[in-house]
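Encoded as structure tokens, the structure appears first; notes follow it.
Chain letters run A, B, ... following the sequence lines, proteins first, then strands; residues in each count from 1. Because only heavy atoms are used, hydrogens play no part in the values below, and waters and symmetry mates are left out as well, while side chains stay in.
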There are 2 protein chains.
Amino acid sequence: MVSKKQEEILNYINKTINTKGYSPTVREICEAVGLKSTSTVQYHLKKLINLGYLNKSDNISRSITSRTVNTQFGIPILGEISAGQPLLAEENYIGELPYFGKKINTELIALKINGDSMIDAGLYNDDLVVIDKSIIPSDGDIGAFLIHNTEATVKYVGTIADKRYLIPANKNYSNIEVDENITQIGKVVSLFRDM
Amino acid sequence: MVSKKQEEILNYINKTINTKGYSPTVREICEAVGLKSTSTVQYHLKKLINLGYLNKSDNISRSITSRTVNTQFGIPILGEISAGQPLLAEENYIGELPYFGKKINTELIALKINGDSMIDAGLYNDDLVVIDKSIIPSDGDIGAFLIHNTEATVKYVGTIADKRYLIPANKNYSNIEVDENITQIGKVVSLFRDM
DNA sequence: CATTTATTAGAACATTTGTGCTAATATTAT
DNA sequence: ATAATATTAGCACAAATGTTCTAATAAATG
């Protein structure tokens with residue numbers, strides 16, 4: 001799908017944005033990847049944009065932005081989940097976690113840990129956990145779940161006697177059997193704590 | 001030091017970089033902040049650059065980068081501290097933590113937690129803690145210290161009977177009295193964990 | 001082999017954009 | 001008030017830059 005030349009162009013754009021802080025011009029790309037015509041670069045740029053790797057504003061210099069380089073973006077932080085609302089509805093949204101990484105192929109949301117049910121796993125009250133919705137948590141992973149479509153919770157996932165459970169990391173809490181009231185959100189991939 | 005107009009310009013630049021992903025042109029700034037001459041903007045830009053708020057490449061369009069907007073930069077991750085070497089020497093450097101925030105007035109380094117001496121504070125083995133060298137940890141804070149100039153450690157700071165101690169968050173470890181062998185690095189300001 | 005499709009080049013054009021210079025007008029300090 | 005400093009405007013120029021059109025060449029396909 002992406003030709004050798006296009007990959008080269010992509011890499012050069014990413015490198016430039018990373019090191020200089022702004023995107024290269026068509027002519028700079030031209031020279032960097034060994035092409036002799038700006039229109040050839042335009043040709044490749046158009047392709048890369050269509051494939052979703054790049055963005056660009058018309059007639060605006062150095063306006064290429066990359067979705068494959070580590071870039072800043074905000075992960076929506078969800079607070080109280082409102083019943084019936086889709087997860088990312090306004091009602092649930094309490095802020096944005098400034099994040100830094102690749103954008104393509106990830107569906108990230110953040111939840112603020114509420115309570116101490118996972119304290120023995122080092123997840124503290126008010127910690128922010130980042131959840132990748134595109135990863136299904138396996139046994140032993142920490143996953144995020146929606147209970148009765150109204151309450152989000154973060155727990156270990158495990159199988160006991162052929163049944164799946166949400167397992168807290170705190171002896172004061174009990175395992176929760178996974179049934180039709182529990183919807184899976186995704187896997188907890190990282191943790192952020194401000195002190 | 002920074003005039004009203006300059007602050008307005010700074011904010012507009014930051015906003016533009018954040019929302020569009022690239023910096024505005026002199027003329028765009030001109031219009032946005034209600035000035036009628038591009039040279040006036042140049043005048044203010046020069047000041048903001050001299051004050052360290054902005055960077056810019058000569059004769060290159062949209063090349064303004066901001067040091068006051070949340071931007072990407074790498075925090076050096078220090079591993080084993082080599083005796084005698086300055087903290088940030090090559091020898092100690094094991095990588096970079098991609099970070100996202102304001103650059104001005106911060107001196108950040110990252111340490112990888114080694115061991116479980118702070119486990120009851122939720123700092124786990126292999127967690128990365130970010131340390132702000134410009135903040136002196138107070139009692140109750142978690143600070144980073146250098147012991148005998150060769151080993152970095154992260155502990156609570158506390159005063160017991162008028163003496164200062166480094167206090168682990170794990171009953172299997174003992175307090176360490178602060179003496180001339182212990183150098184202060186800074187305050188632990190945030191924590192990252194990848195799962 | 002004939003026919004698409006992908007890639008490249010060249011050149012010309014219209015804007016966009018940074019810069020420099022001069023002068024006018026506020027604002028502040030002496 | 002007078003002088004120094006800060007801020008603004010206007011204009012013109014040169015360079016940087018995105019775009020478009022046509023045509024040539026290479027690669028892939030049936």
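Taking a cutoff of 4.0 Å between a charged side-chain nitrogen and a carboxylate oxygen, A/K187 and A/D132 do not qualify as a salt bridge.
An OP1 or OP2 oxygen of C/dT16 is reached within less than 4.0 angstrom by no side-chain nitrogen or oxygen of B/R27. Close to C/dT19, at under 4.0 Å from its OP1 or OP2, lies a side-chain N or O of B/K56. In terms of phosphate contacts, A/K4 brings no side-chain nitrogen or oxygen within less than 4.0 Å of OP1 or OP2 of C/dT7. Phosphate contact (OP1/OP2 of C/dT7, side-chain N/O of A/Q6, threshold under 4.0 Å): present. A/K46 has no side-chain polar atom (N or O) that falls below the 4.0 Å cut-off from OP1 or OP2 of D/dT19. Side-chain nitrogen and oxygen atoms of A/S61 include none within less than 4.0 Å of the OP1 or OP2 phosphate oxygen of D/dG18.
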Verdict with reasoning, B/E8 to B/H44, per side-chain contact (heavy atoms from CB on, under 4.5 Å): CA-CA 10 Å; B/E8 202 182 338; B/H44 287 302; over 6 Å; no
Mind running side-chain contact (heavy atoms from CB on, under 4.5 Å) on A/N125 and A/D116 for me, showing each step along the way? CA-CA 6 Å; A/N125 190 41; A/D116 59 358; 6.0 Å; no
Please determine whether side-chain contact (heavy atoms from CB on, under 4.5 Å) holds for the pair A/L166 and A/V178, giving the CA-CA distance in whole Å, both sets of side-chain angles, and the decisive distance to 0.1 Å. CA-CA 7 Å; A/L166 308 189; A/V178 176; 3.8 Å; yes
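Nearer to the 5' terminus of DNA chain D, by closest-nucleotide assignment, is the contact made by B/H44 (compared with the other of A/V26 and B/H44).
If you take CD of B/Q42 and C1' of D/dA14, they are 14 Å apart, rounded to a whole angstrom. In this structure, the OH atom of A/Y43 is 16 Å from the C1' atom of D/dT22, given to the nearest Å. What separates CD1 of B/I29 from C1' of C/dT16 is a distance of 14 Å, to the nearest Å. Here the C1' atom of nucleotide D/dT17 and the CD1 atom of A/I64 are 11 Å apart, to the nearest Å. As a whole-Å value, the separation of B/E28 CD from D/dT17 C1' is 14 Å. Separating the CG atom of A/D58 from the P atom of D/dT17 is a distance of 17 Å, rounded to the nearest angstrom. Rounded to whole Å, the distance from CD1 on B/I13 to C1' on C/dT17 is 15 Å. We find that CD1 of A/I60 is positioned 15 Å from C1' of D/dA16, with the value rounded to whole Å.
A 4.5 Å side-chain heavy-atom check between A/F145 and A/P137 finds at least one atom pair inside the cut-off. At least one side-chain heavy atom of B/M118 sits under 4.5 Å from a side-chain heavy atom of B/I142.
Distance alone, capped at 3.5 Å, places no donor-acceptor pair between the A/D141 side chain and the A/G143 backbone.
Of the candidates D/dT19, C/dA6, C/dT17, the closest approach to any side-chain atom of A/N59 belongs to D/dT19. When the nucleotides D/dT17, C/dT7, D/dT7 are ranked by their closest atom to the side chain of A/R62, D/dT17 comes out on top. Side-chain proximity of B/S3 to the nucleotides C/dT17, C/dA6, D/dT7 is greatest for D/dT7.
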May I have the list of side-chain donor-acceptor pairs in residues 154-163 of chain A shorter than 3.5 Å, sequence neighbours left out?
from, atom 1, to, atom 2, distance (Å)
A/K155, NZ, A/S117, OG, 3.0
A/K155, NZ, A/T153, OG1, 2.6
A/T159, OG1, A/D139, OD1, 3.2
A/T159, OG1, A/D139, OD2, 2.7

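Within residues 30-40 of chain A, the residues that have a heavy atom under 4.0 Å from DNA chain C are, in order of number, A/L35, A/K36, A/S37, A/T38, A/S39, A/T40.
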